[in-house]
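Below is one structure, written out as structure tokens; the observations come after it.
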Amino acid sequence: MDTPLKTESTDRDRIPPGQQLVAPGKWPVIGEKEPAHLDLPWTLSVSGELESAQTWTLDELRQLPQTQLTLDIHCVTRWSKLDATFSGVRLADLLEIVIPKANARFVSFVARSARDHSTSLALEVALDQETLIALDYEGDPLELGHGGPIRNIVPGRYFYKSVKWLERIELLEEDRLGMWEAESGYHNQADPWKEQRYMSPTIDKRKAALLIQSRDFSNQDLRSIDCTDRDLEQLQAVETKLRDSRFDRANLKEANFERANLSNAHFRKADLTGASFRDADVEGADFSGADLRGADFTNASLIGASFVDSTLNPPVAAVIDQSTVLPDSVIAPLFPEQLDFVQKNRGR
Ligand SMILES: Nc1nc2c(c(=O)[nH]1)N[C@H]1C(S)=C(S)[C@@H](COP(=O)(O)O)O[C@H]1N2
Ligand SMILES: [Mo]
């Protein structure tokens with residue numbers, strides 16, 4: 001047997017459904033870009049249902065036993081990065097110091113950020129998954145942009161369970177949903193192998209039918225709406241929340257999606273000629289087989305988006321030509337294969 005081939009198939013087995021690898025050495029920044037109160041020294045406190053609340057300075061954390069952990073990062077916007085090595089203090093080791101009470105069933109991780117970003121897990125899951133309070137990445141202090149100097153890391157869950165600029169850990173009797181989970185419908189379990197990305201909100205079927213008929217979605221929250229095969233020519237969907245929505249094979253000629261949130265939206269084989277995605281978030285969206293002639297992606301966020309699906313034979317490829325507006329800066333974060341495809345088809 002050929003060893004390189006074997007290695008390749010092993011790597012593929014490590015990529016959960018619907019995920020693709022980022023280019024080697026790349027690590028996109030997702031969500032908040034910086035913490036709050038940069039002038040204050042960093043501390044981590046643990047409070048809530050435990051015997052003795054405690055606060056550590058960054059130096060004190062570094063004096064606790066350090067554990068190294070190598071994990072695969074899986075972001076809900078469909079990019080994965082294998083073998084990221086962090087080191088720091090295991091959550092389990094911290095909890096041995098503060099001693100959770102018997103009624104502590106959940107753990108909430110809170111960031112020092114403008115919106116007090118947070119996420120939570122069942123305590124049992126957090127411990128089973130070997131949650132780490134990371135201080136270092138690949139041997140150096142974790143950089144600020146990726147949540148340094150203190151960040152929790154949860155292997156085996158989508159990366160939104162790993163909070164940047166961790167400032168507070170709270171042990172709770174009842175769960176307190178994190179920010180994305182409470183406000184954006186992110187799945188609270190977040191297991192990438194089960195594709196637990198989002199909870200689908202229940203959009204009333206009648207309301208959906210009326211909206212589709214009116215072709216005006218602007219400024220509404222229509223997450224997960226199903227518009228498969230619909231005729232939505234000239235749809236107005238400015239600033240609309242359309243995360244995880246389905247537009248496969250729909251007629252979306254000249255549709256206006258400016259500033260819309262279309263993360264993980266499905267546009268397989270849709271007619272998007274002349275559509276505008278200016279300033280839209282299309283992270284993880286699927287445009288395979290869509291007609292994108294005259295479509296405009298100026299200033300759109302394309303991390304994790306795909307335009308060609310070469311797992312199918314023949315490959316399902318978007319129609320892109322010199323009339324498609326896909327500037328260099330916009331396509332830079334695409335997966336290598338996707339970037340290559342777009343560059344070959346788009347004019348300069
Ligand atoms: N404080 C804070 N932590 C956060 C977020 C955020 O917006 N703020 N976003 C989450 C999401 S959705 C992801 S995918 C990862 C991204 O981490 P990265 O920017 O280091 O890749 O951080 C998670 N932790
Ligand atoms: Mo994410």
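Counting starts at 1 for both ligands and their atoms, in listed order. The chain is numbered in sequence order, starting from 1.
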shortest atom 13 (C) of ligand 1-to-protein heavy-atom contact is with F159 O, 3.9 Å
What is the ring orientation for F287 with F307, classed by angle as parallel under 30°, tilted 30 to 60°, or perpendicular over 60°? parallel
Whether R115 lies under 4.0 Å from ligand 1, heavy atom: yes
State whether a side-chain donor-acceptor pair under 3.5 Å links Q338 with S306. no
If I apply the N/O under 3.5 Å rule, does Y186 come out as touching ligand 1? no
What part of P35, side chain, backbone, both or neither, has a heavy atom within less than 4.0 angstrom of ligand 1? neither
Top protein contact for atom 18 (P) of ligand 1, by heavy-atom distance: H146 ND1, 3.6 Å
Parallel, tilted or perpendicular, judged at 30° and 60°: which one describes the rings of F257 and F277? parallel
Nearest protein heavy-atom contact for atom 22 (O) of ligand 1: which residue, which atom, what distance? R151 NH2, 3.1 Å
Kindly work out whether a path of hydrophobic side-chain contacts (I/L/V/M/F/W/Y, heavy atoms less than 4.5 Å apart) joins V163 to I133. yes
Partner of H146 by ring-ring contact (aromatic ring centres under 6.0 Å, His included), out of Y137, W27, F159: W27
Pick, from H117, M179, K161, the option with the minimum heavy-atom distance to atom 4 (C) of ligand 1. H117
W180 six-ring face occupied by R115 cation (under 6.0 Å, within 45°): yes
In terms of atom number and element, which parts of ligand 1 are under 4.0 angstrom from non-hydrogen atoms of G31? 7 (O)
By number and element, which atoms of ligand 1 are closer than 4.0 Å to a non-hydrogen atom of A111? 1 (N)
Closest contact, heavy atoms only, V319 versus T324: O-OG1, 4.5 Å
Just checking, R151 and W165: is the charged tip under 6.0 Å from the six-membered ring centre and within 45° of the axis? no
Under 4.0 Å from any heavy atom of S162, which atoms of ligand 1 are there? 22 (O), 23 (C), 24 (N)
If you count every heavy atom of other residues, nucleotides or ligands that lies below 6.0 Å from K81 atom NZ, does the total exceed 12? yes
For G145 and ligand 1, does the shortest N/O to N/O distance drop below 3.5 Å? no
Does an N or O anywhere in W165 fall below 3.5 Å from an N or O of ligand 1? no
Going by atom types alone, do S108 and R176 pair a side-chain donor with an acceptor below 3.5 Å? yes
When you check the side-chain N and O atoms of S214 and D216, is any donor under 3.5 Å from an acceptor? no
Which of the ligand 1 atoms, numbered from 1, are nearer than 4.0 Å to a heavy atom of C75: 14 (S)
Nearest neighbour in protein (non-hydrogen) for atom 9 (N) of ligand 1: W180 NE1, 3.6 Å
Quick note on ligand 1: atoms under 4.0 Å from a heavy atom of E32 include exactly 1 (N), 2 (C), 6 (C), 7 (O), 8 (N)
Side chains of E283 and S263, donor plus acceptor under 3.5 Å: no
G147 near ligand 1 by a heavy-atom separation under 4.0 Å: no
Nearest protein heavy-atom contact for atom 3 (N) of ligand 1: which residue, which atom, what distance? K164 N, 3.0 Å
I'd like to check which ligand 1 atoms, numbered from 1 as shown, lie under 4.0 Å from a non-hydrogen atom of V29. 19 (O)
P28 N/O to ligand 1 N/O under 3.5 Å: yes
